[in-house]
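Below is one structure; the comments refer to it alone.
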Amino acid sequence: MTVYHDPNKPRHVDDRVEVKHPVPEGASAKVETTEQIAVTTPPEVCGMGHRMKRKEDPRFIQGRGQYVDDVKLPGMLYMDIVRSPYAHAKILDIDASAALEMDGVLAVITGKDLEAHGLHWMPTLMSDTQMVLPTEKVVYYAQEVCAVIATDRYIAADAVENIFVDYDPLDAVVDPFKALEDETIVRTDKEVQTNRIWHWEVGDQAATDEVFANAKHVVKQYMHIPRIHVASIETCGMVANYNPATEKMQIYMTTQAPHAIRTVFALVTGLPEHKIQIISPDIGGGFGGKVPVYPGYVIGAVASLLLGKPVKWIEDRSENLQADSFARDYHLEAELAADENGKLVGLRVNGLADHGAADAAANPSKFPAGLFSICSGSYDIEATHVNFDAVYTTKPPGGVAYRCSFRVTEAVHMIERLTDMMAHDLGIDPAEYRMQNFIQPEQFPYKSATGWEYDSGNYPAALKKAMDMIGYDELRREQAEKRERGELMGIGISSFTEVVGAGPAKDYDILGIKMFDSAEIRIHPTGKAIARFGTKSQGQGHETTYAQIIAQELGIPANDIEVEEGDTDTAPYGLGTYASRSTPTAGAAAAMAARKIRAKAKKIAAHLLEASEEDLEWNVNQWQVKGSPDQAKTIQDIAFAAYTNHPDDLEAGLEATDYYNPPNLTFPFGSYICVVDVDKGTGEVHIRRFVAIDDCGNIINPLVVEGQVHGGLTMGLAPAMFEEIVYDEYGTCLTGTFADYLLPTAVESPKWETGHTITPSPHHPIGAKGVGESPTVGAPPAIANAVVDALWHLGVRHIDIPITPQKVWQALRDAGVSD
Amino acid sequence: MSKHSITISVNGTDHSAEVDSRLLLVHFIRENLDLTGTHIGCDTTSCGACTVLINGRAVKSCTMFAVQANGAEVDTVEGMAEGGQLHPLQEGFWEKHGLQCGYCTPGMLMSAKHLLSKNPNPTEDEIRWGISGNLCRCTGYNKIVEAIQYAAEKLQQEEVAA
């Protein structure tokens with residue numbers, strides 16, 4: 001176990017850089033691209049490729065899911081939290097006397113109370129520190145100040161109103177560029193008084209500068225990828241249930257990573273890890289927002305520990321939007337260079353990350369800016385250099401992913417905007433320009449200038465398919481005609497490359513815990529099975545897709561396989577579900593564990609058939625004698641024999657566990673094309689069509705993949721056009737409800753048109769890559785590029801997301817267009 | 001705080017209780033009756049996760065007091081399936097993959113039920129507007145629309161058959 005960084009020491013670049021991505025030989029073999037989904041099992045088995053209806057759905061459509069707020073335990077108490085009305089203020093006094101006199105109020109917990117147990121601070125997942133409850137000052141608006149425990153949630157809310165906190169306001173630090181000046185220090189608890197958190201560089205600076213010095217064409221653009229919030233429809237919450245008799249702490253919790261959370265809880269609280277059980281029940285959407293440990297979880301656990309009773313804490317929506325980890329908030333000064341032939345040759349980025357009051361990102365620990373260095377995207381670029389700084393501001397800590405693999409969205413938005421800009425500057429059609437600059441299929445495995453080894457890809461195939469599907473040439477003709485008439489229509493392309501499935505354990509860890517994942521499969525005597533995983537679905541459909549992987553490998557019908565996740569007392573250890581890592585890691589573990597079972601099954605079959613193992617071959621769901629398929633034992637026959645008639649020299653039972661350490665990440669990709677019409681009078685953007693071609697390698701369940709893509713596209717649309725967390729000059733959050741923070745409804749969401757190509761991952765046991773986040777990553781630049789394409793002839797080069805009607809109207813007005 | 005005696009019919013069964021005047025209907029349903037299919041997502045009538053039918057109309061139960069529903073007929077997701085038979089909307093959501101995390105689903109089903117009771121054969125646009133008071137973060141809505149279209153068709157076939 002890696003020890004946390006000493007929070008009092010400034011962190012330097014040297015323990016973070018020089019991450020290599022070694023890939024074992026043979027892990028990046030050439031693969032062919034197809035469109036046909038392979039189905040090799042009959043419908044009753046429902047292995048890979050079947051459009052199987054989800055196994056988890058019957059409980060959800062009948063109101064029988066069990067989410068954390070549905071948990072009700074005898075004697076359960078409720079917690080509510082007093083939050084700061086200031087972004088930055090000293091706490092002079094907390095007067096809880098009136099609250100404590102109320103009937104039904106049992107306790108008020110302050111930072112001083114936690115300090116007595118050493119629990120007023122906690123580590124973040126990035127080895128920074130974060131207050132659980134403050135003892136001296138608050139550092140963001142809506143920060144937890146103290147907590148009330150009462151017999152009823154209404155009484156707890158009343159008591160919050162009866163606690164009087166005396167604050168002495170300090171200057172807020174809202175602008176991250178201003179934070180760099182260190183006039184007001186956010187983290188006065190640190191030994192070194194600076195707002196700078198880390199500096200990080202990747203790539204060869206000298207080589208990149210040289211390429212730029214010799215480049216014929218350069219485009220340069222400042223972009224802000226704004227602060228947003230995952231806003232899962234279920235907020236965060238917990239029920240902590242400490243039993244003083246057994247000394248066991250059972251915690252029902254909205255977490256995407258229950259096992260890692262258990263370890264963190266053990267290390268932070270000092271409770272023995274075997275006496276902590278984290279249960280992640282049904283989760284109402286995660287998207288990265290349910291990876292971190294929030295102060296409320298710790299306070300709730302302490303409350304249960306102190307009172308010896310179950311304590312429930314459920315955030316309301318405003319608490320969720322105002323205080324939980326945000327996503328993004330990267331300021332990018334980006335330049336792209338091309339040679340005299342228009343070939344892209346160099347990429348140079350200066351970035352500033354606004355982390356709020358703590359670096360509470362959920363990145364693998366060696367990657368302070370996540371996997372941002374994938375920023376050369378789908379293009380063959382000779383030299384890239386990325387230079388990043390991160391600062392503290394008086395905003396909530398973060399940032400988490402918002403349905404993307406560690407900062408890939410920011411990288412993709414930047415490269416896709418720049419590439420489009422370069423194409424427009426050179427007067428080359430953006431589709432043609434991408435085709436010219438793509439990493440070509442024969443270049444895979446491709447080594448990027450920032451050290452990635454792209455496992456497989458066929459970028460021209462995906463873009464060509466998207467162009468054919470949307471009728472690209474015809475749309476360009478229509479656009480030209482409309483432009484003649486003064487109408488504004490734009491076509492935007494995004495050809496993105498994702499990097500998911502962290503990760504090879506050598507380089508990827510969270511707080512020192514390696515990022516493998518696990519599967520444990522147990523076959524019952526009657527041939528039914530239970531499979532448990534270290535991941536945790538929040539809607540991705542693991543109960544179905546994992547069962548299909550096992551069905552594919554063992555021939556046991558997917559409907560006969562129970563999939564369980566989320567209970568740390570029963571499931572094997574794993575790092576959880578985020579960053580599209582479940583299929584690349586735990587999905588691979590499912591296949592590998594099933595193959596171990598198949599190997600043992602062969603021995604039992606040989607025993608039953610009185611044949612030698614070498615004479616047997618596997619066929620869908622049975623071991624059969626080569627050349628005589630009627631001499632066979634099905635997996636069900638074998639399972640029964642494993643408990644009733646197994647060979648003397650073999651253990652009873654039929655089960656296996658696999659902890660899968662992927663040899664490389666996977667690199668899903670796709671090409672999206674968006675068509676917009678822009679209203680000259682109002683600046684309103686209407687998305688007329690949106691075609692998305694995704695390549696996630698082999699497809700486990702086409703129905704689930706379509707659903708993941710549709711959902712991801714809407715979560716790409718959201719920050720592109722609607723969502724932004726906004727603060728005023730005092731650091732007060734102005735977007736604390738769904739009336740201000742706008743999620744797309746069914747009316748704003750276009751009818752997504754989707755398709756796929758299939759370029760299997762050469763190193764993944766079933767050739768899959770992960771898909772849930774590709775569309776969130778790929779969609780925003782397609783939309784932004786479409787809007788800018790509609791306005792380019794008016795002199796508009798760039799509009800920052802979210803592209804609101806006001807911004808478009810302003811751009812039109814600046815361009816002298818009035819209607 | 002004053003107490004009120006109320007009787008509300010939920011899924012066809014009368015429930016009487018003494019409740020605080022400020023008790024929200026959604027809490028009455030979830031905590032007094034233990035019908036936890038109805039969810040809370042925003043507390044401000046924005047997300048629709050708490051949608052139930054009150055006398056046949058879709059209402060967001062997080063912004064209504066339990067006392068206001070005194071004497072009313074309330075339908076929740078738990079009452080949709082009859083005799084072990086899924087309602088065509090439930091069937092549609094399952095068939096068409098109209099849900100992922102499932103959290104918005106009960107409210108979405110209730111809004112869709114209200115929509116189809118008013119407009120048995122809605123256009124796609126009418127469906128999208130009909131569920132525009134319900135937020136879904138997972139599905140991107142395409143398949144929810146398909147699920148409601150599936151149910152509309154099935155309900156109409158059933159009517160013809162009857």
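All values derive from a computational prediction rather than experimental measurement. Quick note: numbers below take in every heavy atom, side chains included, and nothing from hydrogens, waters or symmetry partners.
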**OP:** Identify which part of B:I127 has an atom lying under 4.5 Å from any heavy atom of chain A, answering side chain, backbone, both or neither.
**Re:** neither

**OP:** Would you please say whether a donor-acceptor pair under 3.5 Å links the side chains of A:E773 and A:T776?
**Re:** no

Original post:
Are B:T38 and B:T76 close enough that a side-chain donor and a side-chain acceptor fall under 3.5 Å?
Top reply: no

Original post:
Side chain, backbone, both or neither: which part of B:L23 has a non-hydrogen atom closer than 4.5 Å to chain A?
Top reply: both

**OP:** Under 4.5 Å, counting heavy-atom pairs only, tell me which of B:L86, B:L89, B:T44 racks up the most with chain A.
**Re:** B:L86

Original post:
Going by atom types alone, do A:T535 and A:S582 pair a side-chain donor with an acceptor below 3.5 Å?
Top reply: no

**OP:** List in chain and number order the residues that pass ring pair (Phe, Tyr, Trp, His ring centres under 6.0 Å) with B:F65, two or more places apart in sequence or in another chain; answer none if no residue qualifies.
**Re:** none

**OP:** Could you tell me whether the side chains of A:Y402 and A:H229 share a donor-acceptor contact shorter than 3.5 Å?
**Re:** no

**OP:** Give a yes or no on this: more than 12 heavy atoms of other residues, nucleotides or ligands lie within 6.0 Å of atom CZ of A:R59.
**Re:** yes

**OP:** Sort A:L743 into side chain, backbone, both or neither according to what part of it lies under 4.5 angstrom from a heavy atom of chain B.
**Re:** both

Subject >> Shortest non-hydrogen contact between A:T235 and A:T254, atoms and distance >> reply: O-CG2, 3.9 Å

Original post:
Going by atom types alone, do B:E18 and B:S5 pair a side-chain donor with an acceptor below 3.5 Å?
Top reply: yes

**OP:** Heavy-atom distances under 4.5 Å only: say whether A:D69 touches chain B with side chain, backbone, both or neither.
**Re:** both

Subject >> Under 4.5 Å from any heavy atom of chain B - which part of A:Y67 >> reply: side chain

Original post:
Heavy-atom distance under 4.5 Å to chain B: side chain of A:N701, backbone, both or neither?
Top reply: neither

Subject >> Any side-chain donor near an acceptor of the partner, A:E56 and A:T544, under 3.5 Å >> reply: yes

Original post:
So B:Y103 and B:H39, would you call those rings parallel, tilted or perpendicular, with 30° and 60° as cut-offs?
Top reply: parallel

Original post:
Between B:T63 and B:T45, is any side-chain donor less than 3.5 angstrom from a side-chain acceptor?
Top reply: yes

Subject >> Residues in residues 53-62 of chain B that sit under 4.5 Å from chain A, counting heavy atoms only >> reply: none

**OP:** Return yes when atom NZ of A:K751 has more than 12 non-hydrogen atoms of other residues, nucleotides or ligands closer than 6.0 Å, and no otherwise.
**Re:** no

**OP:** Give the intermediate values and the outcome of salt bridge (Lys or Arg N to Asp or Glu O under 4.0 Å) for residues A:E234 and A:K290.
**Re:** CA-CA 10 Å; A:E234 179 200 38; A:K290 289 170 180 168; 2.8 Å; yes

Original post:
What are the residues of residues 104-115 of chain B, in order of number, with any heavy atom under 4.5 angstrom from a heavy atom of chain A?
Top reply: B:T105, B:P106, B:L109

Subject >> For A:A157, side-chain contact (heavy atoms from CB on, under 4.5 Å) partners two or more places apart >> reply: A:D80

Subject >> chain A contact via B:D125 - side chain, backbone, both or neither, heavy atoms under 4.5 Å >> reply: neither

Subject >> Contact winner vs chain A - B:M80, B:E31, B:H87, B:E78, heavy-atom pairs under 4.5 Å >> reply: B:E31

